[in-house]
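Report on one structure; see the data block that follows.
The figures that follow rest on heavy atoms only: side chains count, while hydrogens, waters and symmetry mates do not. Naming convention: chains lettered A, B, ... in sequence-line order (proteins, then strands); numbering from 1 in each chain.
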Amino acid sequence: MPRPAAPDLAPAVNEWFADAARPLPWRAAEVSPWAVLVSEFMLQQTQVDRVLPRWEAWIRRWPTPASLAAEPAAEAVRAWDRLGYPRRALWLHRAAVEIVERHGGEVPRGVDELLALQGVGPYTARAVAAFAFGVRVPVVDTNTRRVIARAVDGNAEPAPPSTARDLAAMSALLPESPHEARAFNAAAMELGATVCTARAPQCGVCPVSDRCAWLRAGSPAYDGPRKPKQARFAGSDRQVRGLVMRELRAAHRPVTRAEIMGIWADAVQLERAISGLIADGLAVETGEGMTLPEA
DNA sequence: AAGACGTGGAC
DNA sequence: TGTCCAAGTCT
């Protein structure tokens, strides 16, 4: 059953993008596919301004997958610093190893090969294929999902994510020309990130306000299923894990059990955090104490 | 397939 | 202040 004809958003959005695109360094013409891949790992659930300095430093230090793969994972986790979700650092290191082992040190260009890399999911695989190699594939992130929900479907917020549905919706909007398709993938994300925002969308400056289904319907409030509430961070296992990782990063030697116990009052929760980190491979227990993973 | 996973900024 | 959100992925 065909969905209703989607409005032709790409020309107007791309025209807007040509002018409004932020000059993000990983969008520069001369950056390598590896640099793009690194940016996409860092940008998962993380804002641009927090990524910028970490990305610059990372690319300077590890300009190729092989250069990262040659170092212990601990170095990757340290360089990740406080970007958050440190397992991404582990995954990026592992992906670098996989690229060296399976692809001769060159970031693969195919979505399937990219998908097979550790830490690379539907979004990142297509983002790298599209942005680093110009492959004509739909790229859908949270920003694009919101733009489509509003402009096409007339809803204030997207339905819960469904990779198949989201990719189909973006495919219907994607220009035929690979060049314009690549631009539109980036432009839709940029529109969602800077104009069609979650909080206070700036419809007054939106390039497709004249054909936005949501605006046309009178900007009705969202009435779909609510997103699960995010658990409070203060006092959470996540916070404790973060504190332990901060300790392990700072210490360039094994941290003793006694030292660890000093960073959080609740010993049971601390124990749970430590076990979790070990299970995740972010920490290893030696005879001397705990350290970041060397492998 | 719902829930876990860091951290910080904005309102 | 607390709540929501942020270029997702994995189990």
Distance, rounded to the nearest Å, where [X] contributes [atom1] and [N] contributes [atom2]:
X	N	atom1	atom2	answer
A:Glu190	C:dA6	CD	P	14 Å
A:Phe184	C:dA7	CZ	P	16 Å
A:Arg226	C:dT3	CZ	C1'	12 Å
A:Gln118	C:dC10	CD	C1'	8 Å
A:Glu157	C:dC4	CD	P	11 Å

Listing, residues 156-163 of chain A side-chain donor-acceptor contacts under 3.5 Å, not counting sequence neighbours, or none:
| residue | atom | partner | partner atom | Å |
| --- | --- | --- | --- | --- |
| A:Glu157 | OE1 | A:Lys227 | NZ | 3.2 |
| A:Ser162 | OG | A:Arg165 | N | 3.3 |

(message) If I pick the P atom on C:dA7 and the same atom on B:dA4, what distance separates them, to the nearest angstrom?
(response)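 My reading of the P atoms in B:dA4 and C:dA7 gives 22 Å.
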(request) Sticking with atom P, work out how far B:dG6 lies from C:dT1, rounded to a whole angstrom. (result)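 Roughly 26 Å separates the two P atoms.
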(request) Check whether A:Val120 and A:Met189 end up in the same hydrophobic cluster, where Ile, Leu, Val, Met, Phe, Trp and Tyr are linked by side-chain heavy atoms less than 4.5 Å apart. (result)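 The answer is yes; both residues are in one hydrophobic cluster.
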(request) Determine, using the 4.5 Å side-chain heavy-atom cutoff (strictly less than), whether A:Met245 and A:Phe233 are members of one ILVMFWY cluster. (result)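 Result: no, two separate clusters.
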(request) Let me know, please, whether A:Leu117 or A:Ser39 comes out on the 5' side of the other along DNA chain C by nearest nucleotide. (result)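 Nearer the 5' end of the strand: A:Ser39.
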(message) Judged by each residue's nearest nucleotide on DNA chain C, which is more toward the 5′ side, A:Trp91 or A:Leu43?
(response)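 Nearer the 5' end of the strand: A:Leu43.
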If you measure from the Lys or Arg side-chain nitrogens to the Asp or Glu carboxylate oxygens, is any gap between [X] and [Y] under 4.0 Å?
X	Y	value
A:Glu190	A:Arg27	yes
A:Glu71	A:Arg78	no
A:Arg241	A:Asp280	yes
A:Arg253	A:Glu259	yes

Classify [X] by what it touches in the nucleic acid, base, sugar-phosphate, or nothing, heavy-atom distance under 4.0 Å.
X	value
A:Ala127	nothing
A:Pro122	sugar-phosphate
A:Trp80	nothing
A:Leu24	base

(request) Using only side-chain N and O atoms of A:Thr197, determine if any of them is under 4.0 Å from OP1 or OP2 of C:dC5. (result)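 Checking C:dC5 against A:Thr197, no side-chain N or O comes under 4.0 Å of OP1 or OP2.
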(message) Using OP1 and OP2 only, check whether a side-chain N or O of A:Arg146 sits under 4.0 Å from C:dA6.
(response)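 For C:dA6, OP1/OP2 do have a side-chain N/O of A:Arg146 under 4.0 Å.
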Could you tell me whether the side chain of [Y] reaches within less than 4.5 Å of the side chain of [X], counting heavy atoms only?
X	Y	result
A:Leu52	A:Trp26	yes
A:Phe133	A:Val107	yes
A:Trp264	A:Gln269	yes

(request) Give the B/S/- string for nucleotides 1-11 of chain B, one per nucleotide from 5' to 3', where a protein heavy atom under 4.0 Å of the base yields B, of only the sugar-phosphate yields S, and otherwise -. (result) ----BBBBB--
(message) Among C:dA7, C:dA6, C:dG8, which nucleotide has an atom closest to any side-chain atom of A:Ala193?
(response)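 Selected nucleotide: C:dA7.
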(message) Near DNA chain B, counting only heavy atoms under 4.0 Å, which residues of residues 128-144 of chain A show up?
(response)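 Listed by number, there are none.
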